[in-house]
Amino acid sequence: MPELPEVETTRRGIAPLVTGKTIARVVVRVPSLRWPVPADLARTLVGQTVLAVERRAKYLLLRCSGGHLIIHLGMTGHLRPVLAGAPARKHDHIDLEFTDGSCLRFHDPRRFGAFLWTPDDPHLHPLLVELGPEPFAVEMDGAYLHRRSRRRRAAVKPFIMDQSVVVGIGNIYASEALFRAGIHPGAEAGRLSLPRYERLAWAIREVLDQAIAAGGTTIRDFANTEGNPGYFALQLQVYGREGETCPHCDRPIKTERLGGRSTYYCSHCQKK
DNA sequence: AGTGCGGCCTGTCCGC
DNA sequence: TGCGGACAGGCCGCAC
């Protein structure tokens, strides 16, 4: 499901619901997620207070009194508030119940998500330690992308989706950022000039910023904490629009598979 | 070191 | 109406 804007939308939604609350009970109905949910997760969490809800890349970090709960939404995961004890539906895998009677419920049909615990600095966790800079970090600029791309022979689209290069960009926003930057997704990453990477860095920030402002993108099932869809789908210019007209030149938008992923672009407006 | 692919899962849709 | 296959917003682990 989620790329950075959807995770950030989730973070903003759950933060006011859980910050300052103390965990009373944890129900793990299905522990077989991307990695097994730790068998002692409930024992670890009960009695802990949630101090803050943070985000690193596409990971949510619940900063607790004794460590961090690391949550990844995978492809189809979401977190929603329910009343404690509300009947669980299919794929409602984990509940975090708080002492005030509120409950945060994790739902994830494909089970590519993750619930992990670390008592240490979460940024040093093996899953997080190799991550690249946040797209809004000052050092993530055109010069940075240009430098990191040298001698890379892969296409620029998988290059910007590489979370060790820059985090948060998934399949939707990669196509969108490249369209806004006028760069063909199949262009060889190592051959693009510095000015083109400067334009790309700007486009990445712009599209992610606008998507966050719109509450993320709902293609099939993403919903925010209130159960509402994200409205950035209305602002997608190429993703999912095969055969529709390019908003700039009116020629039909094309699609092809790149690195195993559907890719959308305008062959007239985007150059290699 | 960088690259490409299989695999993890369920649900949905499309063509036959 | 049923069925097989492809595909879906992520990403690890493995061969090369």
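Within every chain, numbering begins at 1; the chains are lettered A, B, ... in the order of the sequence lines, protein sequences first and strands thereafter.
Rounded to whole Å, the separation between the C1' atoms of dG2(C) and dC9(B) comes to 23 Å. dG6(B) and dG5(C) have their P atoms separated by 16 Å, with the value rounded to a whole Å. For the C1' atoms, the distance linking dG9(C) with dT3(B) amounts to 23 Å, nearest Å. Between dG10(C) and dA1(B), the two C1' atoms lie 22 Å apart (nearest whole Å).
Straight-line distance from the CG atom of L258(A) to the P atom of dA8(C): 13 Å, rounded to whole Å. If you take CZ of F159(A) and C1' of dC11(C), they are 18 Å apart, rounded to a whole angstrom. Protein atom CZ of F112(A) is 15 Å distant from nucleotide atom P of dC7(C), rounded to whole Å. Atom CD1 of I70(A) and atom P of dG10(C) are 19 Å apart (whole Å). In this entry the distance linking NZ of K157(A) with C1' of dG10(C) reads 12 Å, nearest Å. Put simply, CD on E130(A) is 12 Å from P on dG13(C), counting in whole angstrom units. For the pair I169(A) CD1 and dC11(C) C1', the interatomic distance rounds to 15 Å; values are reported in whole Å. In this entry the distance linking CG of L128(A) with P of dC11(C) reads 11 Å, nearest Å.
Using cut-offs of 30° and 60° for the angle between ring planes, the H72(A) and Y59(A) rings count as perpendicular. Aromatic ring orientation, Y197(A) versus F159(A): perpendicular (interplanar angle above 60°, classes split at 30° and 60°).
Within the nucleic acid shown, R257(A) comes within 4.0 Å of sugar-phosphate atoms alone, with no base atom in reach, counting heavy atoms only. Heavy atoms of G170(A) sit under 4.0 angstrom from primed sugar atoms or phosphate atoms, though from no base atom. Nucleic acid contact class of Y239(A) (heavy atoms, under 4.0 Å, all strands): sugar-phosphate only. When heavy atoms are screened at a 4.0 angstrom cut-off, R34(A) is found touching base atoms of the nucleic acid. Within 4.0 Å of F232(A), counting heavy atoms only, lies no atom of the nucleic acid at all.
In this structure, H91(A) and P158(A) both approach DNA chain B, and ranking their closest nucleotides by distance from the 5' end singles out P158(A).
dT1(C) makes up no base pair with any nucleotide shown, lacking Watson-Crick or G-U wobble contacts both under 3.5 Å. Across every strand in view, dC9(B) sits unpaired, with no contact that passes the Watson-Crick or G-U test at under 3.5 angstrom. The partner of dG9(C), taking Watson-Crick or G-U wobble pairs whose two distances both stay under 3.5 Å, does not exist in any strand shown.
For F106(A) and F115(A), the ring centers are positioned less than 6.0 Å apart.
In this structure, D95(A) does not pair ionically with R25(A), as no charged nitrogen and carboxylate oxygen lie closer than 4.0 Å. Salt bridge annotation for E134(A)-R56(A): present, with a cationic side-chain nitrogen under 4.0 angstrom from a carboxylate oxygen. Of the charged side-chain nitrogens involved, none lies within less than 4.0 Å of a carboxylate oxygen, so that D92(A) and R80(A) do not count as a salt-bridged pair.
Proximity of H72(A) to the phosphate of dC11(C): a side-chain N or O atom is located under 4.0 Å from OP1 or OP2.
At a threshold of 4.5 Å between non-hydrogen side-chain atoms, the residues L33(A) and I94(A) count as touching. Within the 4.5 Å cutoff, the side chain of L60(A) has no heavy atoms near those of the I70(A) side chain. A heavy-atom distance below 4.5 Å is found between the side chains of V26(A) and I23(A).
For R110(A), whose side chain is taken as the heavy atoms from C-beta onward, the closest listed nucleotide among dA8(C), dG10(C), dG9(C) is dA8(C). Side-chain atoms of K58(A) lie closest to dC11(C) of the nucleotides dC11(C), dC12(C), dG9(C).
On the nucleic acid side, DNA chain B contacts chain A at distances under 4.0 Å to non-hydrogen atoms, with the end points of that region at dG2(B) to dT12(B).
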